[in-house]
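We name chains A, B, ... by the order of the sequence lines, and we start the count at 1 in each one. All values below were derived from every heavy atom in this structure, side-chain atoms included, with hydrogens, water molecules and symmetry-related copies excluded.
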Amino acid sequence: MAQISLTFPDGNSRSFEAGVTPADVASEISKSLAKKAISANVNGAHWDLQWPIVEDAQIAINTMKDDAPALELIRHDLAHIMARAVQEIWPDVKVTIGPVIENGWYYDFDRQEPFTPEDLGEIEKKMREIINKRDAVRTEVWDRDRAIAHYEANGEPYKVELINAIPDDGQPIRMYWHGDWQDLCRGPHLQHTGQVPADAFKLMRVSGAYWRGDSRNAQLQRIYGVAFQNKEDLRKYLNFLEEAEKRDHRRLGREMDLFHMQEEAPGQVFWHPNGWTIYTQLQDYMRRKQRAGGYKEINTPQVVDRKLWEASGHWEKYQHHMFLVEVDESRDGENDDAAVKDKSQTRINALKPMNCPCHVQVFNQGLKSYRDLPLRLAEFGSCARFEPSGALHGIMRVRGFTQDDAHIFCTEAQIQEECARFIDFLANIYEELGFPEFEIKFATRPEKRVGSDESWDYVEGALESAIKAVGRDYTLEPGDGAFYGPKLDFYLTDAIGRVWQCGTFQVDPNLPERLGATYIGADGDKHRPFMLHRACLGSFERFVGILIENWEGKLPFWLAPRQVVVASIVSDADDYVAEVVSALQARGVRAEADVRNEKINYKVREHSMGKVPVILAIGAREVEERTVTVRRLGQKQTQVVALDAILAELGQGALPPDLGGPGAADADAA
RNA sequence: GCUGCUGUAGCUCAGAGGUAGAGCACUCCCUUGGUAAGGGAGAGGUCGAGAGUUCAAUUCUCUCCAGCAGCACCA
């Protein structure tokens with residue numbers, strides 16, 4: 001038998017017979033390591049303890065102390081254990097695939113009857129039984145025909161399909177057994193089921209999923225589980241979910257009386273005064289920033305004839321996402337009966353799903369000179385998209401929304417500078433809005449694309465240089481660009497670590513081409529401008545949702561819909577309360593009085609739950625001394641302050657961050 | 001759009017083949033109370049919409065609408 005040399009993490013090497021397994025290696029090192037071992041890293045690959053090693057290699061034996069392999073194995077083995085449990089309970093259920101995902105795993109099953117929440121409990125119980133059996137995990141390599149024959153005989157058509165999809169390039173078809181239960185799997189797996197912590201996983205939910213992720217295929221039932229190394233980590237994760245639930249903007253939107261939605265207008269928002277205050281504050285802020293940033297604000301039509309959408313290419317590709325409006329030009333207002341409609345007079349319009357074609361129309365009016373470039377046209381563009389019903393989600397994913405949209409018309413040579421400018425612009429806004437951390441994803445040329453390679457080289461180079469020029473990092477997403485140009489997507493991180501894609505920057509030579517945009521160059525000839533699509537917040541609707549969830553409704557003072565409630569303790573204070581409220585309002589503070597016949601406890605409770613940042617309580621003493629007692633949201637202690645002082649402080653605190661207010665960074669100081 | 005679940009008072013939810021209940025909120029009265037619910041009384045519902053079964057449907061069946069979770073989608 002040939003000898004191979006294995007090198008350990010400490011740098012020592014030892015000679016073994018070729019075909020030795022990591023399990024053998026671990027046993028030679030020590031009995032306890034053999035017992036604790038879960039897998040190995042062999043030349044960087046995650047290696048099952050049972051797989052033979054046939055050539056010289058770097059090897060490290062993993063134990064549960066190695067977090068990444070441990071979690072992967074725990075979750076992967078649980079996927080198998082769950083599938084086994086399901087088939088033990090319902091032998092006629094067909095198994096498909098069960099990968100590891102973030103925080104856990106899922107497994108897709110084909111079963112006639114739906115799994116119920118009670119079933120999940122039963123499956124979990126069975127899984128714990130299997131874990132406690134400490135059944136050995138065993139693996140073998142089979143040849144293709146044997147594997148197919150096996151699954152055909154067992155009535156597992158999905159597995160047959162999976163095997164047929166494995167390219168016949170000599171890669172092994174591997175079987176795994178957890179006890180007697182067998183599954184096709186590339187591994188690796190643990191030594192035995194008892195290595196899985198029995199108290200650190202939970203089945204979360206069951207839902208539909210398509211076979212191979214394709215909506216034309218059979219719908220399967222997917223069971224999701226989460227799993228960790230120990231009970232404590234599971235608890236932390238479940239707490240995180242609870243935390244996210246507490247922040248749900250749909251719930252806070254109702255509790256804070258911000259907006260509502262109703263079935264006559266699915267996917268569209270009815271903004272209430274409180275919510276609209278947040279929205280307009282944000283919009284006013286963006287308007288000031290854009291003005292300062294060299295943008296010119298425009299506004300374009302909502303209902304636009306299909307001719308424009310045909311020219312832009314949207315009619316062909318995105319018609320099913322557009323709200324269509326049929327207009328009968330022959331209507332005279334006297335006779336609106338549909339029966340008299342003259343078809344030849346009917347025009348089809350679409351509600352605009354995006355603003356860019358309209359912006360090109362603005363650009364196209366009059367001759368543009370190279371001296372006009374870069375021309376930055378911004379619009380708070382109200383768009384309507386017919387999103388699939390299942391995609392709708394509160395105010396985050398809607399059918400009617402307003403983008404903080406802008407299109408920069410420029411020359412190729414100006415792209416880099418515009419890109420760098422934009423990243424700085426956006427970084428400053430995110431910072432002021434309380435999101436100092438964001439990530440850039442750089443999506444480059446896809447396989448199917450238009451334009452020459454030289455042009456792609458140039459434009460991608462320009463974006464990359466721009467990111468470097470402003471001193472930022474990025475993650476490359478090769479092949480994820482649009483068919484006409486590369487793009488940057490900007491992802492911000494919220495207070496509980498969730499990541500939201502908001503900003504975007506997209507280079508587009510295509511639409512100017514399609515819509516015939518030109519400018520006169522220094523040479524006197526017509527040239528085609530580039531168009532840069534860009535947004536910072538994305539949509540105001542969604543961004544307000546993100547703000548609500550990020551701050552758990554406790555918005556920074558300048559954004560809080562109701563900033564101050566002045567609450568009377570005794571009715572003798574009512575006049576002074578009114579005076580304080582007026583004085584605050586005169587300083588631009590959104591203040592209201594609460595002189596209801598209720599105890600101060602009641603008022604404090606109600607406004608605290610309503611997330612009002614500042615409550616000023618006024619009793620006989622404050623009237624006497626011309627002071628107020630300040631109670632800030634989230635703090636129990638109160639503070640007596642002279643009226644003039646609090647007016648000055650709150651007046652200053654109410655200013656948006658770009659106008660000298662304290663901003664998001666030190667919202668608590670407001 | 002697909003699969004599953006859900007839809008009863010403003011909100012959170014209970015309930016049953018014989019046209020409905022709680023808590024909170026709301027209105028009125030008493031209470032003037034010092035920092036997270038003072039007391040009492042009252043009003044409030046076409047039980048998501050339509051059709052079917054039935055002597056009788058809000059309850060059972062079907063269709064539709066909307067919401068929730070996931071999938072697919074997000075130009």
Side-chain angles (χ1 to χ4, degrees), chain A residues 101 106 108 110-117 119 204-224 245 248 250-251 254-255 257 260-267 309 312-314 316-322 353-354 356-357 383 385-394 396-399 401 481-484 487 489 501 504 506 508 510-511 533 538-539 542 565 567-574 595-610 615-622 629-640:
Chain A
I101 53 172
Y106 65 77
D108 288 348
D110 184 3
R111 179 189 184 219
Q112 284 309 102
E113 310 76 58
F115 290 111
T116 64
D119 290 342
M204 300 302 284
R205 62 173 62 92
V206 51
S207 73
Y210 299 109
W211 169 237
R212 302 181 84 91
D214 189 326
S215 59
R216 287 166 303 190
N217 287 344
Q219 178 106 29
L220 307 171
Q221 295 189 62
R222 175 173 296 178
I223 302 180
Y224 284 90
E245 169 121 23
D248 191 318
R250 292 166 298 187
R251 190 166 104 178
R254 191 172 49 241
E255 288 173 2
D257 194 15
H260 85 272
M261 306 179 86
Q262 62 186 53
E263 63 175 87
E264 288 81 355
W309 306 113
S312 70
H314 291 99
E316 187 199 352
K317 285 184 89 170
Y318 306 115
Q319 197 188 133
H320 54 291
H321 279 290
M322 298 200 279
M354 46 185 52
C356 23
C383 296
R385 296 181 186 175
F386 189 77
E387 299 284 1
S389 57
L392 302 178
H393 180 85
M396 300 280 211
R397 186 82 184 268
V398 287
R399 289 183 174 158
F401 57 94
F483 70 89
Y484 47 75
K487 64 171 179 176
D489 282 327
Q501 193 248 308
T504 188
Q506 217 166 315
D508 182 4
N510 183 59
L511 199 59
H533 309 254
S539 94
R542 178 160 174 273
V565 168
S568 57
I569 296 168
V570 293
S571 52
D572 286 347
D574 289 1
V595 293
R596 291 176 301 170
N597 175 16
E598 295 292 350
K599 296 202 170 181
I600 192 64
N601 293 316
Y602 184 92
K603 296 180 183 181
V604 164
R605 177 182 149 84
E606 185 171 285
H607 300 306
S608 297
M609 291 199 308
I615 299 170
L616 302 181
I618 292 182
R621 213 155 59 222
E622 287 81 1
T629 298
V630 186
R631 180 180 168 126
R632 290 170 204 277
L633 187 57
Q635 294 177 14
K636 266 196 134 68
Q637 69 276 33
T638 59
Q639 189 190 2
V640 180

K.L.:
What interatomic distance, in whole Å, is found between P of U6(B) and the corresponding atom of A43(B)?
P.N.:
34 Å
K.L.:
Who are the ring pair (Phe, Tyr, Trp, His ring centres under 6.0 Å) partners of H260(A), not counting sequence neighbours?
P.N.:
F270(A), H272(A)
K.L.:
Quick one: label M261(A) by what it contacts on the DNA or RNA (base, sugar-phosphate, nothing), any heavy atom closer than 4.0 Å.
P.N.:
nothing
K.L.:
For D572(A) and Y318(A), find the nucleotide of RNA chain B closest to each by heavy atoms; which residue's nucleotide sits nearer the 5' end?
P.N.:
D572(A)
K.L.:
For U61(B) versus C5(B), give the span between their P atoms, rounded off to a whole number of Å.
P.N.:
12 Å
K.L.:
Does any non-hydrogen side-chain atom of I600(A) lie less than 4.5 Å from one of R631(A)?
P.N.:
no
K.L.:
Can you give one letter per nucleotide of nucleotides 1-14 of chain B, going 5' to 3': B for a protein heavy atom under 4.0 Å from the base, S for sugar-phosphate only, - for none?
P.N.:
BBBS------SS--
K.L.:
Suppose we screen for salt bridge (Lys or Arg N to Asp or Glu O under 4.0 Å). Which residues come up paired with R250(A), at least two apart in sequence or across chains?
P.N.:
D248(A)
K.L.:
Using the C1' atom in both, what is the distance from U59(B) to A16(B), to the nearest Å?
P.N.:
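Result for the C1' pair: 7 Å, nearest Å.
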K.L.:
Students often get this wrong, so: under 4.0 angstrom with heavy atoms, is T629(A) touching a base, only sugar-phosphate, or nothing?
P.N.:
base
K.L.:
Please report, rounded to the nearest Å, how far the P atom of C73(B) is from the NE2 atom of H320(A).
P.N.:
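Atom-to-atom, H320(A) to C73(B), this comes out as 11 Å.
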K.L.:
Kindly point out which of A36(B), C74(B), G67(B) is positioned nearest to the side chain of R631(A)?
P.N.:
A36(B)
K.L.:
Quick check: on RNA chain B, is the nucleotide nearest R250(A) upstream (toward 5') of the one nearest R397(A), or the reverse? Name the residue that is more 5'.
P.N.:
R250(A)
K.L.:
If you measure from the C1' atom in A56(B) to the same atom in C13(B), how many Å do you get, rounded?
P.N.:
28 Å
K.L.:
What is the distance from CE of M354(A) to P of A75(B), rounded to the nearest Å?
P.N.:
8 Å
K.L.:
How close or far is atom P of A75(B) from atom CD of E316(A), stated in whole angstroms?
P.N.:
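Checked: the CD to P distance equals 17 Å.
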K.L.:
Taking N or O atoms only and anything under 3.5 Å, show me the protein contacts with nucleotides 41-46 of chain B, one pair per line.
P.N.:
none

K.L.:
Is RNA chain B part of any stem, that is, at least 3 consecutive Watson-Crick or G-U pairs with both distances under 3.5 Å, and where?
P.N.:
B:1-7 with B:65-71, B:10-13 with B:21-24, B:26-30 with B:38-42, B:48-52 with B:60-64
K.L.:
Expressed as a whole number of Å, how far does the P atom of A20(B) sit from that of C47(B)?
P.N.:
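That atom pair is separated by 10 Å.
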K.L.:
Say you pick atom P in C62(B) and the same atom in U53(B); how far apart are they, in whole Å?
P.N.:
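After rounding to an integer number of Å, I get 15 Å for this pair.
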K.L.:
In whole angstrom, give the distance that lies between atom NE2 of H321(A) and atom P of C73(B).
P.N.:
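It works out to 10 Å between those atoms.
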K.L.:
Each nucleotide N or O in nucleotides 27-30 of chain B that has a protein N or O under 3.5 Å away: list the pair and distance.
P.N.:
none

K.L.:
In this structure, how many angstroms lie between the P atom of G34(B) and the CZ atom of R605(A), rounded?
P.N.:
19 Å
K.L.:
Taking the side chain as every heavy atom from C-beta outward, state whether M354(A) and H314(A) have any pair of such atoms under 4.5 Å apart.
P.N.:
yes
K.L.:
Under 4.0 Å, heavy atoms only, any strand: does A567(A) hit a base, just the sugar-phosphate, or nothing?
P.N.:
nothing
K.L.:
Send over the distance from H607(A) NE2 to A37(B) P, rounded to a whole Å.
P.N.:
14 Å
K.L.:
Working to the nearest 0.5 angstrom, can you tell me the gap between L616(A) CG and Q639(A) CD?
P.N.:
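Nearest 0.5 Å value for the CG-CD distance: 10.5 Å.
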K.L.:
Are any non-hydrogen side-chain atoms of N510(A) and F483(A) less than 4.5 angstrom apart?
P.N.:
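SC-SC contact between N510(A) and F483(A) confirmed.
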K.L.:
Less than 4.0 angstrom between a side-chain N/O of H393(A) and OP1 or OP2 of A69(B), yes or no?
P.N.:
yes
K.L.:
Any side-chain N or O of R205(A) below 4.0 angstrom from OP1/OP2 of C68(B)?
P.N.:
no
K.L.:
I'd like the C1' distance from C73(B) over to G15(B), given in whole Å.
P.N.:
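Between the two C1' atoms, the distance is 40 Å.
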K.L.:
Remember a base hit wins even if backbone is also touched, and classify E622(A) as base, sugar-phosphate or nothing at under 4.0 Å, heavy atoms.
P.N.:
base
K.L.:
From the list G34(B), U35(B), A75(B), which nucleotide is the closest neighbour of the side chain of Y484(A)?
P.N.:
A75(B)
K.L.:
Which value, in whole Å, describes the distance between the P atoms of nucleotides C2(B) and U27(B)?
P.N.:
44 Å
K.L.:
Can you check the I600(A) CD1 to U32(B) P distance for me, whole Å?
P.N.:
16 Å
K.L.:
Distance check needed: C74(B) P versus Q506(A) CD, whole Å only.
P.N.:
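Q506(A) atom CD is separated from C74(B) atom P by 13 Å.
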K.L.:
Among C71(B), U32(B), A75(B), which is the nearest nucleotide to the side chain of S571(A)?
P.N.:
U32(B)
K.L.:
In the structure I gave you, are the side-chain heavy atoms of Y224(A) and I101(A) within less than 4.5 Å of one another anywhere?
P.N.:
yes
K.L.:
Any side-chain N or O of Y602(A) below 4.0 angstrom from OP1/OP2 of A25(B)?
P.N.:
yes
